[in-house]
Chemist: 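Before we start, here is the structure in question, set down as structure tokens.
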Amino acid sequence: MATRRNGDAVTLDDFTAAIERMIAGHEKKSRVLGPEERRRVAYHEMGHALVAATLPGVDPVHKVSIIPRGVGALGYTIQRPTEDRFLLARHDLENRISVLMGGRAAEALVFDGEVSTGASDDLQRATDIATEMVTRYGMNERLGPRTYAPAPQPFLTGSTANRVEASETTEREIDVAVREIVVKAFDRATEVLRARRADLDEGARLLLAQETVTADQFPAIRSTAAKAAPAAQGAQV
């Protein structure tokens, strides 16, 4: 990155740019969006950021952007962990799914329920986490504390992520349980954004004006989870 800009030394900005390129891909400034698409993407990404800033156990937001990157990303939200974590509780995973659903929740809230194809990757990742919770981690009361998925085999070809070892009746119960987790996460994201609608509108306006917003530039996306954590965790018990 430093060489590309003909720099004399590597700076922190170069490291940041390199990380963003690895996470989200190359910038595609030639990919020009129409005004309505830009507005939708701005609300979508700000939805992710505000839900992440509100819920406990979620990595804090570093930057939100509506500059297209990679193959299909029209915008992105970068979160940075503050510590190494080796275990995740159920509410941590549920909150991560809520963050993933924050983009679609923002679109539904702002555009009168009219959602777009922009949440396809979010939906896939949310479904994968929910499926793991049910089939691998035994986090569903009806299905009980057992696994329904084969152990991962990293040295064998072919993915086993979506394979389920269960009867047809149990597979139906798994489908229902996964859907309930994702729908509940979507509803929670919607509640957060409805309560923070003013921040959502202001954040989207800033994104449309300058394309990239950091937590320093827009404190509303700085984590408030430390204050909200006791109440939020208590509500889930």
Side-chain angles (χ1 to χ4, degrees), residues 1-2 4-29 31 33 37-70 73-85 92 95-96 98-107 109-110 118 121-122 125 188-189 191-232:
M1 297 305 296
R4 284 176 180 272
R5 64 176 180 80
N6 295 319
D8 296 326
V10 178
T11 67
L12 182 58
D13 288 340
D14 294 320
F15 282 103
T16 299
I19 291 171
E20 290 179 12
R21 177 171 293 185
M22 293 183 67
I23 292 174
H26 293 271
E27 283 190 4
K28 301 288 186 179
K29 290 190 175 182
R31 189 181 296 158
L33 303 180
E37 283 184 319
R38 289 185 79 247
R39 182 168 177 263
R40 186 179 285 272
V41 173
Y43 272 105
H44 184 106
E45 295 304 331
M46 191 53 59
H48 286 308
L50 287 173
V51 175
T54 305
L55 298 181
V58 176
D59 293 336
V61 176
H62 168 65
K63 177 184 288 188
V64 188
S65 177
I66 59 171
I67 298 175
R69 280 182 177 267
L74 302 179
Y76 58 95
T77 300
I78 292 181
Q79 297 170 254
R80 286 184 175 176
T82 56
E83 60 182 358
D84 291 329
R85 300 190 65 182
D92 293 324
N95 288 345
R96 290 189 176 194
S98 290
V99 174
L100 289 168
M101 300 303 292
R104 169 159 285 209
E107 289 189 44
L109 186 63
V110 174
D121 184 61
D122 301 328
R125 292 163 62 193
R188 189 171 190 195
E191 290 176 5
V192 168
L193 295 176
R194 186 174 287 119
R196 304 193 63 178
R197 179 58 191 268
D199 290 333
L200 180 62
D201 290 334
E202 177 63 16
R205 185 191 67 78
L206 283 174
L207 277 175
L208 289 170
Q210 57 193 54
E211 294 190 317
T212 298
V213 173
T214 66
D216 291 334
Q217 294 169 328
F218 187 47
I221 61 175
R222 187 173 289 123
S223 178
T224 60
K227 299 178 182 178

Chemist: Scan R39, R38, E45 and name whichever one has a side-chain contact (heavy atoms from CB on, under 4.5 Å) with V41.
Modeler: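 Checked R39, R38, E45 against V41; only one passes side-chain contact (heavy atoms from CB on, under 4.5 Å): E45.
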Chemist: Measure the spacing between CG of L206 and OG1 of T212 and express it to the nearest 0.5 Å.
Modeler: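 Those atoms lie 11.5 Å apart.
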Chemist: Do D122 and R104 have side-chain heavy atoms sitting under 4.5 Å apart?
Modeler: no
Chemist: Please round to the nearest 0.5 Å and tell me the distance separating atom CG of L109 and atom CD of E191.
Modeler: 11.5 Å
Chemist: Nearest heavy-atom pair of A2 and A9: which atoms, and what distance?
Modeler: CB-O, 3.9 Å
Chemist: Does any N or O in the side chain of H48 come within less than 3.5 Å of the main-chain N or O of V99, such that one atom is a donor and the other an acceptor?
Modeler: yes
Chemist: Any side-chain heavy-atom pair from L55 and R96 closer than 4.5 angstrom?
Modeler: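 Contact flag for L55/R96 side chains = no.
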Chemist: Could you give the distance from CG (D8) to CZ (R5), rounded to the nearest 0.5 Å?
Modeler: 8.0 Å
Chemist: Could you walk me through whether M1 and V10 satisfy the side chain to side chain contact (heavy atoms under 4.5 Å, CB included) test, starting with their C-alpha distance in whole Å, then the side-chain angles of each, then the deciding distance to 0.1 Å, before giving a yes or no?
Modeler: CA-CA 8 Å; M1 297 305 296; V10 178; over 6 Å; no
Chemist: So, applying side-chain contact (heavy atoms from CB on, under 4.5 Å) with R196, which one of D199, L193, L200 is it?
Modeler: D199
Chemist: What is the minimum heavy-atom distance between S98 and A189, and which atoms define it?
Modeler: O-CB, 3.5 Å
Chemist: If I take atom CZ from residue R188 and atom OG1 from residue T54, how far apart are they, to the nearest 0.5 angstrom?
Modeler: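 Output value for this atom pair is 9.5 Å.
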Chemist: Show the numbers, then the answer: is there a side chain to side chain contact (heavy atoms under 4.5 Å, CB included) between L74 and R40?
Modeler: CA-CA 10 Å; L74 302 179; R40 186 179 285 272; over 6 Å; no
Chemist: Say whether, by atom type as modelled, one donor and one acceptor occur between the side chain of N95 and the main chain of G57 under 3.5 angstrom.
Modeler: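 No: the side chain of N95 does not pair with the backbone of G57.
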Chemist: With E37, which residues qualify under side chain to side chain donor-acceptor pair (under 3.5 Å), at least two apart?
Modeler: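 With neighbours one apart ignored, the set is empty.
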Chemist: Work out which heavy atom in A220 is nearest to a heavy atom in A53; give both atom names and the distance.
Modeler: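 Residues A220 and A53, closest heavy atoms: O-CB, 3.9 Å.
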Chemist: If I compare all heavy atoms of A42 with all of L207, which pair ends up nearest, and what's the gap?
Modeler: O-CD1, 3.6 Å
Chemist: So how far is it from Y43 OH to L208 CG, rounded to the nearest 0.5 Å?
Modeler: 8.0 Å
Chemist: Restricting to non-hydrogen atoms, name the atom on L50 and the atom on V192 that form the minimum distance, rounded to 0.1 Å.
Modeler: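 Of all heavy-atom pairs spanning L50 and V192, the closest is O-CG1, 4.2 Å.
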Chemist: Side-chain contact test, heavy atoms from C-beta onward, threshold under 4.5 Å: evaluate it for V64 versus E211 and give yes or no.
Modeler: no
Chemist: Looking at T214, is its backbone amide N or carbonyl O close enough to the side chain of Q217 to form a donor-acceptor pair, meaning the two atoms are under 3.5 Å apart?
Modeler: yes
Chemist: Looking at D14 and R4, is there a salt bridge between them, counting it only when a charged N and a carboxylate O are closer than 4.0 Å?
Modeler: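 Looking at D14 together with R4, the answer is no, because their closest N to O distance does not fall below 4.0 Å.
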Chemist: Counting C-beta onward and ignoring hydrogens, is there a side-chain heavy-atom pair between E83 and R85 closer than 4.5 Å?
Modeler: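 They are in contact (side-chain heavy atoms under 4.5 Å apart), so the answer is yes.
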Chemist: For R125, which residues count as a side chain to side chain donor-acceptor pair (under 3.5 Å) partner, sequence neighbours excluded?
Modeler: none
Chemist: I'd like to know if R205 and E202 make a salt bridge, using a cut-off of under 4.0 Å between side-chain N and carboxylate O.
Modeler: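 Salt bridge present between R205 and E202.
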Chemist: Checking R222 side chain against A215 main chain: does a donor-acceptor pair fall under 3.5 Å?
Modeler: yes
Chemist: How long is the straight-line distance from CZ of R80 back to NE2 of H62, given to the nearest 0.5 Å?
Modeler: 3.5 Å
